[in-house]
Amino acid sequence: MNASVKATEVHARPSATFDAKLAETEALLRQAATDFQPLTQASSLGAEDVVITHLIHALTLDIPVFVLDTGALHPETLALLERTLQTSRVPIHIYRPAQEAVVQFVAREGADAMYRSIALRKACCGIRKMEPLGRALHGKKAWITGLRREQSHARADVPLIDTAEASLAPASGSPSAGLTKFNPLANWTWGDVWHYIATRNVDYNPLHDRFYPSIGCAPCTRAISLGEDFRAGRWWWEDEAAKECGLHVKNTEVA
Ligand code: SF4
């Protein structure tokens, strides 16, 4: 893809039922804000997440946002975070990994440990993502994510309201144990997401203009080619089945 082509021009193609989906999403966010306080939105600053934050702002809902700054994000993501902090009226909280744990892990395993084994990749995700996620979700009743069914086979059954972990005890080890998870864009297509961004002039990560549909840490994210799966650019050296960082594991996997 030509680097000068905007993702908004390429992808903004609303589905026929876009207006109904948007109304459903707005109703769900209002319900979450009313019935599930305290709650928070998890944002990676990807396309879906900037849409949700924009909706929270537009609907003037009392829902703060958190971002996990893993210490390995792209400069483009950090620049978007900075712009968001300066312009957003929605509170944005940043959670970072424990510096000592990162330093020790890198000293012991090397900066490229994630490529050597799934266990080492998950250990890195554990330090840089899961531990800060636990702090971000501590004391919350619910959280909001940008998961969509279309994103991958593993997410094909994502419900609008996921209660799979709501009954889990904190001792299960999952940072989201006991929480209800709202996935208000579960039914949206990629075209719907970009239609919203284009028509509302939402600020977004310019990596999307360079064919990065899913954006995570810099060492573990690459652009995808035409015809590749949506999440093919995440942990591309691993089998499809291993490709979640732990943030969105299913109840059975946690157990
Ligand atoms: S995505 Fe990669 S760099 Fe980021 S925490 Fe996981 S293994 Fe580490």
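The shown structure was predicted, so the numbers you read here are calculated from the model rather than taken from an experiment. The chain is numbered in sequence order, starting from 1. Indexing begins at 1, ligand by ligand and atom by atom, following the structure's order.
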Using only heavy-atom distances, determine whether the side chains of Ser176 and Lys181 contain a donor-acceptor pair under 3.5 Å.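 Note: Ser176 and Lys181 side chains miss the donor-acceptor criterion.
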
Donor-acceptor contact below 3.5 Å, side chain [X] vs main chain [Y]:
{"X": "Asp49", "Y": "Ser44", "result": "yes"}
{"X": "Thr25", "Y": "Pro184", "result": "yes"}
{"X": "Asp209", "Y": "Lys6", "result": "no"}
{"X": "Arg149", "Y": "Asn187", "result": "no"}

Is the distance from atom 8 (Fe) of ligand 1 to the nearest N/O/S atom of Cys124 under 2.8 Å?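 Checking Cys124: at least one N, O or S atom is under 2.8 Å.
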
Residue-level breakdown please: for Cys125 versus ligand 1, do any non-hydrogen atoms fall below 4.0 Å on the side chain, on the backbone, on both, or on neither?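 Under 4.0 Å from ligand 1, Cys125 contributes backbone and side-chain atoms.
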
Between Arg121 and ligand 1, find which residue part has any heavy-atom pair under 4.0 Å and reply side chain, backbone, both or neither.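 Both backbone and side chain.
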
Do any N/O/S atoms of Cys217 come under 2.8 Å of atom 6 (Fe) of ligand 1?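 No.
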
Atoms of ligand 1, numbered as shown, that sit under 4.0 Å from any heavy atom of [X]:
{"X": "Met114", "value": "3 (S), 7 (S)"}
{"X": "Cys220", "value": "1 (S), 2 (Fe), 3 (S), 7 (S)"}
{"X": "Arg128", "value": "5 (S), 8 (Fe)"}

Cation over ring, Arg200 on Tyr196, under 6.0 Å and within 45°?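 The answer is yes; both the distance and angle limits are met.
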
